[in-house]
Amino acid sequence: MSSYLDELNEVQRKAVVNTEGPVLVVAGPGSGKTRVLTYRIAHIIEKGTPPWEILSLTFTNKAAREMKERISKVVGDRANRVYAGTFHSIFARILRSEAEKIGYPSNFTIYDSDDSKSLITTIIKQLNLDGKVYNANAMRSKISSCKSNLITPKLYVQTPEMLEKDRVAKKPHFHKIYTEYVNRCKRAGAMDFDDLLFRLFELLQKNPDNVLEKYRKRFKYILVDEFQDTNFLQYSIIKKLVKYPGSRANICAVGDDAQSIYGFRGATIQNILDYEKDFTKDGIQVFKLEQNYRSTDHIVKAANEVISVNKNQIKKTIWSDKGEGAKIQIIKALTDSEEGKRVADAIMEQKMRYHLSNQDIAILYRTNAQSRVFEEYLRRYNIPYRIYGGLSFYQRKEVKDLISYLRLVVNPADDEALKRVINYPKRGIGKTSIDKVSDTANALNQTMWQAIDSAPISAKAKNTLFEFKKMLIEAAKKAKDGTAYEVATFVARQSGLIDHLKNDTSIEGLGRLENVNSLLDGINEFVEGDLLIDIEGENEDRSLSSYLQNIALVTDFDAKEHGDNVVTLMSVHSAKGLEFKSVFCVGLEENLFPSFMSLDSPEQVAEERRLFYVAITRAEQNLTLSFATSRYQHGSVRYNSPSRFLEEIGSDHLDGSVSLTASSRQAFGAHNNATSGGYRGAAKKQNTSSKVIGNFKPLRKKQLTLKVDPATFKPSPMGEIQSGMKVLHMKFGEGQVVNIDGSATNPIATIRFAEMGNEDKRIMLKFAKLQIMS
DNA sequence: GTTGGTATCTGTGGA
DNA sequence: AGATACCAAC
């Protein structure tokens, strides 16, 4: 057999060579999952299946691209003909050729979440509902969840239980919003991200022209990566394609229930459980990849301890033979800013001590907003870095503005695009006129573009809007014969967008102009056809419409240039699937990680825990966890206690020497006196040495001096602490253990400290350093 | 009717 | 901090 099979361990090899019939691969972190997937595809090709009969679904373009690269190393160029891509991009492509069968134009618009939210806000207003009761974001995620569970507006209205639930929740009009939202999307020829899945399901369900048969025949082998992140709708589509009488059910799902982190998007690990059941009769084979080739032992064991707190898991034992490795470091800081500094310090130190390059290091956080402080100190230390996530290129205002013009050229029914540019650059069309156009559109069930003609607006406004339409119609004509690039430059100039940006000579203004020019360059590249976002390898369609559908599904992250030696800063979510020699997981505080949004539901906390599990399993050799006792959130100082997740790691995996705070407190005292003015203002003049770090007076009350000299203090192992013993604590001094309870992995001692006025304190033994005296 | 300023509210993650 | 809401002035 071919040599690539020799690169696999026994289970991996089984998962690769058993290509027929349904397979579930449960793959722990660092267990060679991508290798199995790619070799499996290569193996299927080697055995004689044409690559285009293989459908491989992933969640990110990056994963798809990486997979193709790795397949091509085994089977060469044939790899490019594999139908591999993200759920959204592949489904969008299918829909593009089949849209008319379900009453959509093939050049349908893809609404991003901003478009969806803006449309929902509009609907809430027009239905005269209270925006506080009917929060647009909450409504959006509720709609998303309905679609992900195949609940149409019609079905919703016909289900008394759901309506009753809404009545109880004091949101009885939700169904109206949902119904209207779906109608308006349809009217605008637009699909939101969920529609790309939902409408495909609808297509397969309604099965016009036997389209279902066509795709069942076409995809002889289906592989799904990150199966734990699929939702009910995605699984329903997969089943439609795979499960039918006479099917060979050649499906391979790869996933890890412990790494399911997209519940907020409707993902459910129930799919894995259902999958096992649904394909039992087809002879499903389950393979568990349990050896972790990525991380050293302390990291793997700590991760196992953390995830074991969650119930209901697929049983597996992740292990590593990479050696014990370094213990996990903990950094405690008093403020978010100090956290930034100390992480940067630690990066400097690690680079020296372990000879790490910048690219070996990542800082992972729960929310993108946390990146700022790290950025600040890395810059100060001259450590090059790159931030991923946050605002992507295509989400920048000036870029979206031009894209909106282009969307209108392709699809004049696109109301969200129209609203965005109807008065930008300013052409004297105010709120009143826009409202009138919008009202007219609703009254006549037309698009706003159509309603401009009959709306009761002033002659002046009407003239302006006719000019506006005329310009876009001309652009649309150009689109018929010319290239996308020609249309885009025409629109950029004729709309006045370029002139408007040129008038702004500020630094930011220049940047905006530059961004618009890069967008134009990007369109040109798309037309010329070399650099292609294209995953499926058969994209010959270089129309403007095709371009717009492509970029709607692309993120900056996908555009990452390789090989730059920089420190990576990203959210934990986007770090999934990646690995770094040294990982800093920061902001480990209650309300932040776990997120405050998760705290009222144990299920959501469990998801946060899985997210933490993902974070720590990114590390190969060094893992550092940090938290701050106070931080600026939403404009004011917040005090958060350390994350519960820290307590879930056994102290034997933690490096004790850094977990105490004496040095940081003292170092910090110097800044303490300079509390005046706001943090934000101070942050701007970041080069001044006397940086003002907010107001944290309440902390001072708790400030304690050390009772013990750190040099002579020798903490005893956690297991030796027994009830009744006299112990010494660094800050609280001498005390007597009254009682020990809690769990085996997290014992909690009640200790009475004489020097603290005989106060009983509950001490987590895995964290506290206690020296036994007698 | 439109524009520009200030006050108020809101808040994760991402295809 | 950012977006949106509201109000005063052209």
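So that the names make sense, note that chain A is the first sequence line, chain B the second, and so on, each numbered from 1.
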Looking across every strand, which nucleic acid part, if any, lies under 4.0 Å from D112(A) by heavy atom: base, sugar-phosphate, or nothing? nothing
Report the distance from atom CG of D225(A) to atom P of dA15(B), rounded to the nearest whole Å. 14 Å
Of Q259(A), Q234(A), K576(A), which is the lone residue that meets side chain to side chain donor-acceptor pair (under 3.5 Å) with D229(A)? K576(A)
Considering only dT12(B), dG14(B), dT2(B), which nucleotide approaches the side chain of Y262(A) most closely? dG14(B)
Please work out if S113(A) contacts a base, only the sugar-phosphate, or nothing of the nucleic acid, heavy-atom cut-off 4.0 Å. base
Quick one: is dT12(B) close enough that its OP1 or OP2 comes under 4.0 Å of any side-chain N or O from N591(A)? no
Hey, is E589(A) close enough to R638(A) for a salt bridge, meaning N to O under 4.0 Å? no
OP1, OP2 of dG4(B) versus side-chain N and O of K426(A): anything below 4.0 Å? yes
Protein-nucleotide distance (R396(A), atom CZ; dA3(C), atom C1'), rounded to Å: 19 Å
Verify the contact: side-chain N or O of S574(A) to OP1 or OP2 of dG13(B), cut-off strictly under 4.0 Å; return yes or no. no
Quick one: closest heavy-atom pair of I124(A) and G131(A), and the distance? CG2-CA, 4.2 Å
Derivation and outcome, ring pair (Phe, Tyr, Trp, His ring centres under 6.0 Å), residues Y262(A) and F264(A): CA-CA 5 Å; Y262(A) 285 101; F264(A) 69 90; 5.6 Å; yes
Please work out if N135(A) contacts a base, only the sugar-phosphate, or nothing of the nucleic acid, heavy-atom cut-off 4.0 Å. sugar-phosphate
What's the closest nucleotide to the N423(A) side chain, out of dT12(B), dT3(B), dG14(B)? dT3(B)
With a 4.0 Å cut-off on heavy atoms, is K397(A) in touch with a base, just the backbone sugar-phosphate, or nothing at all? nothing
What integer distance in Å separates L592(A):CG from dG13(B):C1'? 12 Å
Closest non-hydrogen atom pair between C585(A) and F593(A), with its separation: SG-CE1, 4.0 Å
Pick the nucleotide of DNA chain B nearest each of T432(A) and S598(A); which residue has the one closer to the 5' end? T432(A)
Would you indicate what S595(A) reaches in the nucleic acid, counting non-hydrogen atoms under 4.0 angstrom: base, sugar-phosphate, or nothing? base
Whichever of G131(A) and K460(A) has its nearest DNA chain B nucleotide further upstream toward 5': K460(A)
Please classify the nucleic acid contact of F59(A) as base, sugar-phosphate, or nothing, using heavy-atom distances under 4.0 Å. sugar-phosphate
Whole-Å distance separating the OH atom of Y394(A) from the P atom of dG14(B): 18 Å
Classify K132(A) by what it touches in the nucleic acid, base, sugar-phosphate, or nothing, heavy-atom distance under 4.0 Å. sugar-phosphate
Length of the line joining I434(A):CD1 and dT3(B):P, which is rounded to integer Å: 9 Å
OP1 or OP2 of dC6(C) under 4.0 Å from side-chain N/O of K431(A): no
Return the value, rounded to whole Å, for the distance between atom OH of Y424(A) and atom P of dT3(B). 14 Å
Would you indicate, yes or no, if dG14(B) has its OP1 or OP2 atom less than 4.0 angstrom from a side-chain nitrogen or oxygen of N368(A)? yes
Do S113(A) and S116(A) have a side chain donor and acceptor closer than 3.5 Å? no
If I take atom OH in residue Y632(A) and atom C1' in nucleotide dG2(C), what distance separates them, rounded to the nearest angstrom? 19 Å
Would F264(A) count as stacking on dG13(B) if stacking means ring centres less than 5.5 angstrom apart and planes tilted under 30 degrees? yes
Of all the choices, dA15(B), dG13(B), dA5(C), which nucleotide is nearest to the side chain of R366(A) once you look at every atom? dG13(B)
Rounded to the Å, how far apart are Y388(A) OH and dG13(B) C1'? 18 Å
Compute both the distance and the angle, then confirm whether K142(A) meets the cation-pi test with F174(A): under 6.0 Å from the six-membered ring centre, within 45 degrees of the axis. yes
Of all the choices, dA15(B), dG13(B), dT2(B), which nucleotide is nearest to the side chain of E607(A) once you look at every atom? dG13(B)
